[in-house]
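By convention in this document, chain letters (A, B, ...) are assigned in the order of the sequence lines, proteins followed by strands, and residues within each chain are numbered from 1.
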2 protein chains.
Amino acid sequence: MRLTTKGRYAVTAMLDLAIHGQQKPVSLNDISGRQGISLSYLEQLFAKLRRNELVCSVRGPGGGYRLARHEQDISVAQVVDAVNESMDATRCLGKGDCQDGDQCLTHHLWQDLSRQIHAFLNDISLNDLVNRQDILDVAKRQDERVQQQDNSTEALIQMTSA
Amino acid sequence: MRLTTKGRYAVTAMLDLAIHGQQKPVSLNDISGRQGISLSYLEQLFAKLRRNELVCSVRGPGGGYRLARHEQDISVAQVVDAVNESMDATRCLGKGDCQDGDQCLTHHLWQDLSRQIHAFLNDISLNDLVNRQDILDVAKRQDERVQQQDNSTEALIQMTSA
DNA sequence: GATAATTCCGACTATTATAGTCAAGTATTT
DNA sequence: AAATACTTGACTATAATAGTCGGAATTATC
């Protein structure tokens with residue numbers, strides 16, 4: 001069972017896309033700035049998201065990524081799956097050969113847990129998340145912070161060129 | 001979020017104990033044989049289980065481990081916790097400082113998932129598992145296999161000494 | 001048509017956790 | 001006393017995550 005930064009980053013980035021990508025494509029640079037994820041790592045993740053047809057890309061200046069489907073048609077489970085983090089809690093990935101060809105004593109338990117987790121995450125769409133107040137609050141704070149950084153960068157540039 | 005072989009081994013071993021430890025203590029050697037877990041590794045795990053007062057040990061010949069409490073009072077969640085596999089799906093372990101001091105965009109989502117998983121595993125006791133038919137079936141097959149191995153070992157010894 | 005913004009791609013690296021192994025020692029029962 | 005079993009600590013190998021780096025391809029805009 002793996003649910004680590006990789007899967008969390010992927011969902012975070014997709015959510016950022018859902019929130020900021022209504023008008024125009026969103027560049028990975030912007031996502032990196034807002035979510036604190038390294039650009040190079042985002043590139044890796046989005047390669048997988050694109051291969052899984054969850055996002056589509058627009059190259060060139062003003063380009064970036066946009067969701068390939070409607071927000072309500074993309075579930076958290078799909079995103080986590082796309083970056084190869086299996087939500088299977090069994091050792092054998094459900095095959096039942098966990099103990100040299102046979103089932104281990106707790107195989108059924110982990111199978112139940114896997115189903116539970118998958119059902120939970122499959123039932124949550126990006127649209128659900130976008131509409132949650134607690135998440136909107138976090139997004140708002142992030143935008144304000146980025147705004148401040150831009151301002152101070154601008155001031156710095158003016159100082160330097162003066 | 002970590003749920004790997006370590007936690008699975010711990011639960012498997014505890015379940016083995018619940019099944020075979022009704023009469024006398026069970027040695028780690030027996031558990032190793034039945035469950036295919038290395039003895040040394042079991043020693044590590046049981047050191048933690050003992051510190052968490054889930055098992056108690058009996059030394060000397062005929063010794064081994066037994067459950068420290070009734071089967072119905074030990075939950076799967078407690079066992080997984082005992083070997084240091086946190087079932088927390090957040091990056092910040094629930095503290096909410098996942099993105100340099102602030103909450104990351106998906107913090108609440110992972111928090112919900114963590115609660116979900118913990119509730120699920122906390123609600124399952126060793127006693128519940130022992131009474132499941134599918135698990136009893138696996139246990140029975142294991143016992144038969146070990147029996148066969150013992151027989152062939154015995155035969156081998158007789159051949160060698162002859 | 002040059003430039004700059006952007007995605008795309010592959011190879012490389014560091015860190016960390018798991019999943020062990022090994023050896024020596026301590027306690028307890030027969 | 002000897003065998004059995006637990007206890008402890010140090011060590012190691014493997015694999016995955018979480019990146020980094022350099023460059024190439026694409027396209028909008030000046």
Smallest separation among heavy atoms of A:Ala139 and A:Ile19, with atom names:
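Nearest pair, atom of A:Ala139 first, then A:Ile19: CB-CD1, 3.9 Å.
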
In terms of heavy-atom contacts, A:Cys104 and A:Cys98 come closest through N-SG, 3.4 Å

Please report the distance, rounded to the nearest Å, between [atom1] in [X] and [atom2] in [N].
X	N	atom1	atom2	answer
B:Ile37	C:dA19	CD1	P	11 Å
B:Tyr41	D:dA13	OH	C1'	13 Å
B:Gln35	C:dG20	CD	P	14 Å
B:Leu49	D:dC6	CG	C1'	14 Å
B:Arg66	D:dA5	CZ	P	15 Å
B:Lys48	C:dA19	NZ	P	11 Å
B:Asp30	D:dT4	CG	P	13 Å

Using the side-chain hydrogen bond (donor to acceptor under 3.5 Å, both in side chains) rule, pick out the option among A:Lys140, A:Gln133, A:Arg141 that qualifies with A:Asp137.
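One option only clears the test, and that one is A:Gln133.
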
Can you tell me if [X] touches the phosphate of [N], counting only side-chain N or O atoms and a distance under 4.0 Å to OP1 or OP2?
X	N	value
B:Thr4	C:dA17	no
A:Lys6	D:dA18	no
B:Tyr9	C:dG20	yes
B:Thr5	C:dA19	yes

Side-chain donor/acceptor pairs under 3.5 Å, residues 53-60 of chain B, sequence neighbours excluded:
none

For the residue pair B:Tyr9 and B:Tyr41, categorise the inter-ring angle as parallel (less than 30°), tilted (30 to 60°) or perpendicular (more than 60°).
perpendicular

Quick tally for nucleotides 1-13 of chain C: nucleotides whose base has a protein heavy atom under 4.0 Å get B, sugar-phosphate-only ones S, the rest -, giving ---BBSBBB----

Between B:Ser125 and B:Ser75, a side-chain donor and acceptor under 3.5 Å:
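No, because no side-chain N or O of B:Ser125 sits under 3.5 Å from a partner of the opposite role on B:Ser75.
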
Which is true for A:Ser38 with a 4.0 Å heavy-atom rule: it touches a base, it touches only sugar-phosphate, or it touches nothing?
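Touches sugar-phosphate only.
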
Counting neighbours of CD on A:Glu144 that are heavy atoms of other residues, nucleotides or ligands and sit closer than 6.0 Å, is the number greater than 12?
yes

